[in-house]
*Asks:* 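Got a structure for you, questions after.
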Amino acid sequence: AFGPDAWDEQMTPEMRSVFVMNAPTFLDEVHDPDALQMDLEALAGVELRVLATSGTDSAPLFGPVVDRIAAALPHVDRMAIDGADHVPHISVPDRYVELVRTFTAARRAS
């Protein structure tokens with residue numbers, strides 16, 4: 001999800017520690033039959049404008065998930081972030097922050 005060499009090059013020791021501490025619950029989460037369920041009807045009731053993003057370097061499975069979420073939301077801006085992976089706040093933090101700032105500023109102005 002974080003891209004090649006992320007463990008050594010992008011993650012701080014604190015982040016790696018969190019992943020290691022959470023590792024024992026991973027299989028439980030994967031085996032939970034409801035773990036990957038989304039309440040698309042509830043999303044359809046969201047009245048706020050939502051920014052739905054995905055990274056062009058994300059694993060292929062993430063794009064269609066974001067597409068389904070975006071399709072369910074009545075007010076959505078959909079953006080693919082060039083060169084970002086599944087966690088753009090780590091892989092392209094400056095561009096991601098600017099994207100979110102621009103989005104929220106436009107919402108305040110309207």
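Just so you know, residue 1 is the first one in the sequence shown, and it goes up from there. Here the structure is a predicted model, which is why all the values come from computation and not from measurement.
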*Asks:* Would you check, one step at a time, whether the test side chain to side chain contact (heavy atoms under 4.5 Å, CB included) holds for Arg95 with Ile81?
*Replies:* CA-CA 9 Å; Arg95 284 193 292 133; Ile81 305 169; 4.0 Å; yes
*Asks:* Please name the pair of heavy atoms, one in Pro24 and one in Met21, separated by the smallest distance, quoted to 0.1 Å.
*Replies:*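 Looks like CD-O, 3.3 Å.
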*Asks:* Can you establish whether the number of heavy atoms outside Glu41 located under 6.0 Å from its atom CD is more than 12?
*Replies:*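 Result for CD/Glu41: open.
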*Asks:* Are Leu43 and Val76 connected, step by step, through hydrophobic side chains (Ile, Leu, Val, Met, Phe, Trp, Tyr) whose heavy atoms are closer than 4.5 Å?
*Replies:* yes
*Asks:* Are Val50 and Phe62 co-members of a hydrophobic cluster defined by side-chain heavy atoms under 4.5 Å apart?
*Replies:* no
*Asks:* Looking at Val92, Asp57, Thr56, which hits side chain to side chain contact (heavy atoms under 4.5 Å, CB included) with Asp82?
*Replies:*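 Going through Val92, Asp57, Thr56 one by one, the side chain to side chain contact (heavy atoms under 4.5 Å, CB included) with Asp82 is satisfied by Thr56 alone.
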*Asks:* Classify the ring geometry between His89 and Tyr96 as parallel (under 30°), tilted (30 to 60°) or perpendicular (over 60°).
*Replies:*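 Answer is tilted, since the angle falls between 30° and 60°.
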*Asks:* Identify whether Met79 and Val65 are in the same connected component of the hydrophobic contact network (ILVMFWY, side-chain heavy atoms under 4.5 Å).
*Replies:*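 Cluster IDs for Met79 and Val65 differ.
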*Asks:* Run the side chain to side chain donor-acceptor pair (under 3.5 Å) test against Glu9 and tell me which residues pass, sequence neighbours left out.
*Replies:* none
*Asks:* Using every non-hydrogen atom in the two residues, find where Ala70 and Ala52 come nearest and quote the distance to one decimal.
*Replies:* CB-CB, 4.3 Å
*Asks:* Output all residues satisfying side chain to side chain contact (heavy atoms under 4.5 Å, CB included) with Asp8, sequence neighbours left out; order by chain, then residue number.
*Replies:*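 Residues passing side chain to side chain contact (heavy atoms under 4.5 Å, CB included) with Asp8: none at all.
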*Asks:* To the nearest 0.5 angstrom, please state how far the CG atom of Leu40 sits from the CG atom of Leu73.
*Replies:*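 Between Leu40 CG and Leu73 CG, I get 9.0 Å after rounding to 0.5 Å.
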*Asks:* Going hydrophobic residue to hydrophobic residue with side-chain gaps under 4.5 angstrom, can you get from Leu36 over to Val30?
*Replies:* no
*Asks:* On a heavy-atom basis, which atom in His75 and which in Val46 lie closest, and how many Å separate them?
*Replies:*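 Residues His75 and Val46, closest heavy atoms: CD2-O, 4.0 Å.
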*Asks:* For Thr25, check side chain to side chain donor-acceptor pair (under 3.5 Å) against everything at least two apart and list the hits.
*Replies:*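 Per chain and number, Thr25 pairs via side chain to side chain donor-acceptor pair (under 3.5 Å) with Glu29.
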*Asks:* Identify the two heavy atoms, one from Pro64 and one from Pro60, that lie closest to each other, and give their separation to 0.1 Å.
*Replies:*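 Nearest heavy atoms, Pro64 then Pro60: CD-O, 3.1 Å.
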*Asks:* Are Leu51 and Val97 connected into the same hydrophobic cluster when the rule is that any two of I, L, V, M, F, W, Y join if their side-chain heavy atoms are below 4.5 Å apart?
*Replies:*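 In one cluster: no.
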*Asks:* Any salt bridge (charged side-chain N to carboxylate O under 4.0 Å, His left out) involving residues 62-77? Give me the pairs, sequence neighbours left out, ordered by first then second residue.
*Replies:*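 Every salt bridge (charged side-chain N to carboxylate O under 4.0 Å, His left out) pair that includes a residue of residues 62-77, provided the two are not neighbours, is Arg49-Asp77, Asp67-Arg78, Asp77-Arg107.
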*Asks:* Does a side chain donor of either Asp85 or Ser58 reach within less than 3.5 Å of an acceptor in the other side chain?
*Replies:*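 No, no side-chain donor-acceptor contact under 3.5 Å.
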*Asks:* Just by distance, do the side chain of Asp34 and the backbone of Gln37 share a donor-acceptor pair under 3.5 Å?
*Replies:* no
*Asks:* Table please: side-chain donor-acceptor pairs of residues 99-106 below 3.5 Å, with sequence neighbours left out.
*Replies:*
| residue | atom | partner | partner atom | Å |
| --- | --- | --- | --- | --- |
| Thr102 | OG1 | Glu98 | O | 2.9 |
| Thr102 | OG1 | Glu98 | OE2 | 3.3 |
| Thr104 | OG1 | Val100 | O | 3.0 |
| Thr104 | OG1 | Arg101 | O | 3.1 |

*Asks:* Under the rule for side chain to side chain donor-acceptor pair (under 3.5 Å), what residues qualify as partners of Glu14, not counting sequence neighbours?
*Replies:*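 So Glu14 forms a side chain to side chain donor-acceptor pair (under 3.5 Å) with Thr12.
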